[in-house]
Structure formats: structure tokens, C-alpha cells
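What follows is a set of notes on a single structure, which appears directly below.
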2 protein chains.
Amino acid sequence: MRFETTTIKDIAKALGFSTSTVSRALRGGYEISEETKRIVLEYAEKINYRPNPIALSLKERRSHSIGVVVCEIANNFFSQAINGIESIAYNSGYHVIITQSNENHEREVLNVEHLASRSVDGLLISLSSESNDISYLKSLHEKGLPIVFFDRVSEEINTHKVIANNFQGGFEATEFLIKSGYTKIGHFTNAAHLSITRERLEGYKAALEKHQIPFNESYVKYCSYSGLIQDEIDAAVKDILKLKERPDALFIAQDKISTSTLLALRKLDLEYGCKIGISGFTNSNVAPLFSPPITVVRQPAFEMGQQATQLLIKLIESKHPVTEFETKTLNTQLITHSSTNRKL
Amino acid sequence: MRFETTTIKDIAKALGFSTSTVSRALRGGYEISEETKRIVLEYAEKINYRPNPIALSLKERRSHSIGVVVCEIANNFFSQAINGIESIAYNSGYHVIITQSNENHEREVLNVEHLASRSVDGLLISLSSESNDISYLKSLHEKGLPIVFFDRVSEEINTHKVIANNFQGGFEATEFLIKSGYTKIGHFTNAAHLSITRERLEGYKAALEKHQIPFNESYVKYCSYSGLIQDEIDAAVKDILKLKERPDALFIAQDKISTSTLLALRKLDLEYGCKIGISGFTNSNVAPLFSPPITVVRQPAFEMGQQATQLLIKLIESKHPVTEFETKTLNTQLITHSSTNRKL
DNA sequence: TTGAAAGCGCTAACAA
DNA sequence: TTGTTAGCGCTTTCAA
């Protein structure tokens, strides 16, 4: 035993009560005399007694904590979402355990299983880009683990979901470029099977269509590692530079891909980099400092984290099995940068 | 009971053994027949048995997990350090529980106490800017909780520490500005009592002294919220703009303060912002994109996380009480930006 | 080689 | 109102 923690037994012994009396006094039991309660509470206070949450978890099969699985903490969107998650969780008496998958399916599975076996009361998850098969999650969900998806969701599991209005974001970002005079608009995005990829691509296509610009498949680059690996982005940029009809603008559908692309452009072809119009999803706070400047689609990350957590806690604390689920869609915000305003 | 987890009891019942036999078989016991062991292991494999880590923790007083307390996950330095921590921890069979204090002392205490009561086997911590009094940590440490400090350390507790060479970083960043022709160099930094603040300030002073530039107290701004609150930085910038002798350059001693200052300059006085020379601590990957460009002091965050974790695990797994402690100091890296090279 | 039983810290059904 | 006891899942003496 590493720590000499005081237990309920110590209190009982010191005060001459039974452990159950002490237990009842501590948890504000009703079936106990005011006097005893007072004595126990005072003593507990004096010796700074803290109940052992592990013992509680073992007993109650719950831990008053929720698990979070994101791809990457260093991503602005996710770190802001985590802040939203914590803001609600703490106020509701839950602790938050954060894990990251690094866009790796195996790591994701390990994290989820660890969280589940540690008796988290529920799970908030945004899927890794490698996660196509989520049967492992499905079986956990069927066993009764409350799960709420956010950002990268899956159709395969029927539960609450919180997403940004990805179609709108893609549409507005693309249309903004079009209205600024660009016509050859490339699209860098995530792995093809992700929900966010599909939705943002739809928005992109819709904007093109509205303005009678034909969709060009060779303008779309799916980056499986979501910008985590700079080489992948460098290659994508090189690829579009090789096209006979180089894009004159890019709509980039993800936080890390946006910044990685800017870095790649800077390295590869400065002249081109300065001329190209860029709009992209990012929650970076420093985007206004970027040169070349970009127009930004910002997701309400903090609010998404909050709402997902509220839904999860509702699920956890529900007395009856929940069968009605909702998908909350929050609007994105287009922050235009004056210098992107017009094609140079 | 939410989950229908299979327990050792279920296996025992199904196989007609006692729970203790199953337990022994599962943990590769010696005092058990090969035959029984095989049967149990096969069956456990078949039903995908997973031991309940909570029960194990309760029994063994350890959890094979380490707790991490940082100020803010969204800070580049910390998210990179966390990646380093995880890389070592996972390979050594430890899980990592991340918490953030938001530079708030009370939150820090809550996090640490929660982690401790959850039986983390050890703690990695970088102190919040509000944490002057760390007696709460001290008493935990005296009770036997292994602690390793990184980045923001304290003298008050005698244990392993991992820091960057903050003096060097401060010296080089300041001298670089001097060599670029700047002479009126301001200094934005963290709360005064932090170890990193003192060390970086010393580096700054040493560089000034080496080049016979007098130290000017009114050029130093201590930002207690470490850049978390933009208003504080805006005010600091306004303050130095009011000085009769405006600084012509700034050495900024922290990640978030660096970016917040750039944002403040951009908002407040564009002309001044473009002329001023800036060098600052930051681990941002997108610093090359910044305009105005800045010269960067980069800390080896990933390696710091790794080394701190190695030290912690050594502490945790040591058979004998450890009495010799070391402080590892890792060198910073100065990344000069051509445009900062010369005073305009 | 195996099983019975105690115990980690706590709660709660049941008895008194 | 209070105490006794069993049990959450697991390990580990002690006995057989």
C-alpha cells in the first residue's frame, strides 16, 4: 500500500461506530441521528477524509467520469471542443478522461476498450480517419455503454450526434472563392469514407453547380492522414501543380490540412502560393496572422463539445432506456479575409 | 449493473474450477498444471475475457496509469509534450490521463487530488501560473506519490525535473534582436514567480548586459494569465505603446503570449506592428506563416515529455525509495526568420 | 495442484 | 437509529 489513506473503517474505529453508520453519515443519510451525523462529519472533515473512488466504482459500476476519444489533441478544433466538454462535465460532477487516436484505428480501439473497462459512464468520440469498421464500438453500445458522436460520426450506430453544418461550410467557402473571381477550385479533404468528408464535398459540389462550374475529379485530393503527415500534403500540392490546368484556388476541408497546405505552398512554389485563393476549415486562433491570408470556415467547436456532453449526460442519467436520438447540427462561420476578397 | 462483463467467476463456473485456480491460470501462475492453464486460457480467449482494472486497482493500489497536469492542452508546447509522454507511457504499459488547469490553482488542486485518489501510479505536472503555494503537492509527495515536474518546476519539492534551457533560449532570442540592430527591447513574459519566467528573464538580462544595453524595468510585462486572456496582452501592448521611448523590438517568453501579442499588434497599431522586431518562445508549427514574421525559440517539447515520463516510470518501478534526483535541461532551438534579420 | 476464505473500501439489504 | 453481513472482481495466503 503506497498511500496511507484514511478509510471509513478508520473513522468507525476512532469514533466507535460501525462502518455502515459512518457511511450513512457521510452520504447525508436520512436514517441517522443528527448527532451522530454531526460527529462523523466533523471528524471526517478534521482528518480530511476522502472516499476512495476506486472502491466506489467497483461497487457502483460507474465512475462519474466520461471518456473522450479524439484524433489529435494538438488540433485546434479538438482542443476547443475538449474545453467545451470539460465546461459542462465539471459542472455536472463528471471528470473527463481524454485520449487521442492519432488517426489510428488500432489506437482508437485500445483507447475505447480501456475507457470502457475503466467504467467510464459514457463516451464522446470523433472517429479516426482509419476507422471504417466500427463493430467494436457497436458491440459496446449494444452492451449499454452510452455513446455520443461528434464531428466525425457514423451512421452505423443509432445514438445522439453533434456535427457542424458541414454542407453549409463547404458551400460558403467554395462560393466565396467563386465570387472572388476564381473558377478552377481544387479541394483538399480527409479520407473519403468519413462523414465530414462527404458532407463538405457535397457543399463544394453544390456551390460549383450553382455557378455552372463543372466538377473536376482530378481537383480533389483525399488526404488519408488528415494533414498529420506533412509529406502527404506536400505530395498533394505537387500533384495539383503538375496539372495542365492548375487550380487558381483551393477549398480545404480540414484544420490541419489547411495549415499543412499553406506550409507546403510556402516551401514548393512561392509565386504560385501567393496567387492562389484559399479558403479552408480551421479553428486556429492565429489564422489572421497567416500569409498568404486565408478565408476561414470556423466550426463552433466549444459549443459542439458542450452540446455533445449535455446529450451524453442526459443519456447516462436517464432512468429509462433511451430510444429517440437526435442529431444536432451547428452552423459554421465564414470569416473572410479582405485579401482573399479578390482574385489578384 | 450496466455492463454484462464476464468475470473470473463466470469462467470458474463454466469450467468447474475455483476462482483462485482461474486467477492463477490467467496470470501465468507457476503452481498450476499446464493442462488446467491451457483450458482456462483457451476459454478466456474464446469469450474474450478482460480483467476488470478497477478491481485490480482496488486490490493492488496501483492502476498502471500516470496522470498529467498541464495548463492548457491547446498550447502547442503542451500538446507536443503530451505526445512525447504518451509515446513512452504506452510502450511501457501505462495509460495516460490528461487534465488541464487552465492556469487556475484551484482547478489544478482538484485535478491532482482526483488523479491521486484514482490511484495513478505517478504524476507529471507543469504548474499553473497561479500556483505559488504547492503545499498540497508536497504532502502528496511525502505520502509517497511519485512526481516529476516538467517545464514549470518548483524548488520546494525534491524530485526529478525536466526543463528546457530557458536561460539559453532567452539569451539567444534577445541577442538575436540586438545583433539585428534593435536596442530598445521589451520583454513580455509569464507570472513573475514561475521558474521559467525567472530563467528566461535572466537570459534576457544577460544578453542586454553583454551588449551594454541598460535593463529597463518598464520594458518588462508580466502577464499572469500567460496569454490565455487576450485582453491582458492587448493592455500590455497598449502600455508599451504609451512609453515615450517605445521599444523597437520584443522578446516574448511564452508560446501563447507570443501569438496573442502578434494578434494584439495587428489590431492596435499596424504600422508599429510591422516595424517591430519580434522573437519569442513558441512551438507552433505554423510560425513560418506568420506575418509579421518572428524569430522563434522552440523547446524540445516532445523530448521533454519523453524524458519526464522515463524518469517517472523509473521512480514508479523502483524497488527502493529514491533519494537521488536529477534535473534534465534540454537545449532550445533558435529558428531565425530572414525578415527579422535586419532592422527595417 | 487445487480450493476455501479473507480482504482491498465502500454501500445497502436485513436484523436488531 | 444503529450494527451485521454480504458482495462488487480480483489476488493471495493457508489448508487440503
Side-chain angles (χ1 to χ4, degrees), chain A residues 1-41 43-44 47-64 113-114 116-121 143-144, chain B residues 1-41 43-44 47-64 113-114 116-119 121 144:
Chain A
M1 145 151 166
R2 247 194 323 97
F3 279 109
E4 310 175 6
T5 41
T6 35
T7 72
I8 228 168
K9 216 194 229 163
D10 300 322
I11 301 184
K13 202 178 294 169
L15 262 36
F17 290 117
S18 75
T19 58
S20 48
T21 302
V22 175
S23 169
R24 274 188 288 253
L26 252 21
R27 45 193 35 250
Y30 19 100
E31 16 162 41
I32 195 165
S33 81
E34 279 305 318
E35 175 64 1
T36 317
K37 199 183 207 164
R38 196 187 49 72
I39 296 177
V40 171
L41 286 178
Y43 184 75
I47 64 166
N48 195 27
Y49 168 78
R50 293 272 176 279
N52 179 334
I54 304 224
L56 281 175
S57 294
L58 184 60
K59 184 107 193 70
E60 297 180 1
R61 306 330 240 277
R62 61 174 301 188
S63 58
H64 293 277
E113 293 195 333
H114 176 246
S117 69
R118 279 264 154 214
S119 290
V120 291
D121 300 341
K143 278 194 198 148
Chain B
M1 148 150 164
R2 246 196 323 96
F3 278 108
E4 290 143 47
T5 43
T6 36
T7 73
I8 230 169
K9 217 193 227 165
D10 299 322
I11 301 185
K13 202 179 293 171
L15 260 37
F17 289 117
S18 75
T19 57
S20 41
T21 302
V22 174
S23 169
R24 276 189 284 254
L26 250 23
R27 46 194 34 247
Y30 19 100
E31 17 161 38
I32 197 166
S33 81
E34 280 305 316
E35 176 62 5
T36 316
K37 198 183 209 165
R38 198 187 47 73
I39 296 177
V40 172
L41 286 177
Y43 183 75
I47 64 166
N48 196 27
Y49 169 78
R50 294 271 177 280
N52 179 333
I54 304 226
L56 281 175
S57 294
L58 183 60
K59 187 106 192 74
E60 296 180 4
R61 307 326 240 283
R62 61 174 300 185
S63 58
H64 293 276
E113 293 196 330
H114 176 245
S117 68
R118 278 266 155 214
S119 290
D121 301 340

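Just so it is clear, the model here is predicted, and its values are computed rather than measured. Every chain is numbered from 1 and lettered A, B, ... according to where its sequence line falls, protein lines coming before strand lines.
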Might you point out which heavy atoms bring [X] and [Y] nearest each other, and give the distance in Å?
| X | Y | result |
| --- | --- | --- |
| A/Arg62 | A/Asp121 | CB-OD1, 3.1 Å |
| B/Tyr49 | B/Leu26 | CE2-CD2, 3.5 Å |
| B/Phe17 | B/Ile39 | CE1-CG2, 4.5 Å |

Protein-nucleotide distance ([X], atom [atom1]; [N], atom [atom2]), rounded to Å:
| X | N | atom1 | atom2 | answer |
| --- | --- | --- | --- | --- |
| B/Arg62 | C/dG9 | CZ | P | 17 Å |
| B/Ile39 | C/dT1 | CD1 | C1' | 13 Å |
| A/Ile11 | D/dT2 | CD1 | C1' | 17 Å |
| A/Leu58 | C/dG7 | CG | P | 17 Å |
| B/Arg50 | D/dC10 | CZ | P | 12 Å |
| A/Lys13 | D/dG3 | NZ | P | 15 Å |
| B/Phe17 | D/dC10 | CZ | C1' | 18 Å |
| B/Asp10 | D/dG9 | CG | P | 8 Å |

query = For D/dC8, does OP1 or OP2 lie under 4.0 Å from any side-chain N or O of B/Lys9?
reply =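 It does, given that an N or O in the side chain of B/Lys9 lies less than 4.0 Å from OP1 or OP2 of D/dC8.
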* Distance below 4.0 Å between A/Thr7 side-chain N/O and C/dG9 OP1 or OP2 ->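 Result: no.
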What distance do [X] atom [atom1] and [Y] atom [atom2] have between them, rounded to the nearest 0.5 Å?
| X | Y | atom1 | atom2 | value |
| --- | --- | --- | --- | --- |
| A/Glu34 | A/Leu41 | CD | CG | 9.5 Å |
| A/Ser57 | B/Arg118 | OG | CZ | 4.0 Å |
| A/Arg27 | A/Ser23 | CZ | OG | 5.5 Å |

Quick one: are [X] and [Y] in side-chain contact, heavy atoms under 4.5 Å?
| X | Y | result |
| --- | --- | --- |
| A/Leu58 | B/Asn52 | yes |
| B/Val22 | B/Leu15 | no |
| A/Ile11 | A/Thr6 | no |

Q.
Can you tell me which nucleotide in C/dC8, C/dC10, D/dT2 comes closest to the side chain of A/Ser33?
A.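 Output: D/dT2.
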Practice problem: Using five base pairs at each end, measure the axis-to-axis angle across the helix from C/dT1-D/dA16 to C/dA16-D/dT1 and round it to 10 degrees. | Solution: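 Its terminal axes enclose an angle near 50°.
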Scoring nucleotides 11-16 of chain D by protein non-hydrogen atoms under 4.0 Å (B base, S sugar-phosphate only, - none) yields BBB---
- Query: Hey, does B/Ser57 reach any base, or is it just sugar-phosphate, or nothing, if we go heavy atoms under 4.0 Å?
  - Reply: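 Touches nothing.
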